[in-house]
Amino acid sequence: MSGSSDAVEYLESLALFEEDIYLPRKNLVVPQAERSPKSLRVLNGAVEPLPESLSAFEKQICECTRCELGKTRTKFVFGDGSQHARIVFVGEAPGHDEDHTGIPFVGRAGQLLNEMLAEIGLDRKEVYICNTLKCRPPGNRDPLPSEKETCRPYLRTQLSLISPDIVVCLGKHAANELLGTDEPMKDLRGRVIPWEGMQLLVTYHPAYFLRNMTQKVHGDADFKLLRKLYDQLP
Ligand code: URA
């Protein structure tokens with residue numbers, strides 16, 4: 001028996017006894033040209049004409065001052081990851097650390113998100129991460145409805161360019177923004193919601209788990225569901 005089939009057999013035997021061991025898996029970053037044309041879509045409200053790439057789009061909007069947050073931000077926080085990612089995470093808005101680095105989810109909540117991804121055998125580099133707002137609300141206050149509306153075309157354009165198979169809403173602001181519902185988180189989470197031809201999952205924001213670690217069991221269950229959906233992708 002070869003070394004690599006030994007390794008697979010060993011992993012499989014572990015998986016029989018330990019449900020949290022994940023087997024080697026397919027690539028999470030798949031160029032759009034290699035995906036079914038049906039899975040590529042332009043969302044209503046995306047910027048038209050659709051920019052040619054995420055990086056071109058970032059250049060186009062990174063000096064945005066369409067709302068007051070453009071005057072108070074340190075850095076514009078566009079998003080992080082590959083245009084070819086099959087999973088996109090959408091958070092609320094940049095916080096202090098993100099405002100200083102220009103990268104989403106790099107503070108404590110981001111560290112926890114990285115850990116939760118690792119727990120289901122995924123790596124942050126293989127997914128795309130962004131927010132409903134691209135600029136930090138002062139003092140981390142909640143996004144205003146007018147700010148969400150102004151930023152809406154940006155998120156919808158990102159999602160159109162990436163055309164992921166799975167979108168994960170981190171927290172109620174992201175869920176409300178994409179689903180347009182005020183249903184409580186406890187009713188939204190743990191379900192696979194068909195949305196614009198994609199599969200959408202809602203889970204609590206990692207910052208919520210930092211405040212209430214006992215609730216992380218729900219996040220763990222939601223991430224396991226994410227891993228299951230991902231394993232079922234064609
Ligand atoms: N919280 C968010 O919602 N987004 C970030 O980028 C960081 C913290």
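Numbering of ligands and ligand atoms starts at 1, following listing order. All of these numbers come straight from a predicted model, not from anything done at the bench.
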- prompt: Minimum heavy-atom separation for Y128 to I162, with atom names?
  reply: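 Residues Y128 and I162, closest heavy atoms: CD2-CD1, 3.4 Å.
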Considering all heavy atoms, the nearest A93-C135 contact: CB-O, 4.3 Å
message: According to a hydrophobic-cluster definition based on side-chain heavy atoms being under 4.5 Å apart (Ile, Leu, Val, Met, Phe, Trp, Tyr only), do I103 and V88 belong together?
response: no
- request: Kindly confirm or rule out an N or O of A93 lying under 3.5 angstrom from an N or O of ligand 1.
  value: yes
query: Does any N or O atom in F105 lie less than 3.5 angstrom from one in ligand 1, N or O only?
result: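 Right, the criterion is met.
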field: Residue pair H205, F105: steps toward the ring pair (Phe, Tyr, Trp, His ring centres under 6.0 Å) verdict
entry: CA-CA 11 Å; H205 194 286; F105 282 96; 5.4 Å; yes
field: Proximal ligand 1 atoms for G91, defined as those under 4.0 Å from one of its heavy atoms
entry: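 Per the distance check, 3 (O).
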message: As an exercise, identify every atom of ligand 1 less than 4.0 angstrom from a heavy atom of P104.
response: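 In order of number, 6 (O).
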task: Measure E92 to ligand 1 on non-hydrogen atoms and call it side chain, backbone, both or neither using the 4.0 Å cut-off.
output: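 E92 to ligand 1: contacts from backbone and side chain alike.
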query: When you measure from atom 4 (N) of ligand 1 to every protein heavy atom, which one gives the shortest distance, and what is it?
result: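 Atom 4 (N) of ligand 1 sits closest to the protein heavy atom N131 OD1, 2.8 Å.
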- prompt: To the nearest 0.5 Å, how far apart are CG in L161 and NE2 in H84?
  reply: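 L161 CG to H84 NE2: 10.5 Å, rounded to 0.5 Å.
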query: At a 4.0 Å cut-off, with the gap strictly under it, does some heavy atom of H205 reach an atom of ligand 1?
result: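 Contact check H205 vs ligand 1: positive.
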query: Should the pair D99-K75 be classified as a salt bridge under the 4.0 Å nitrogen-to-oxygen rule?
result: no
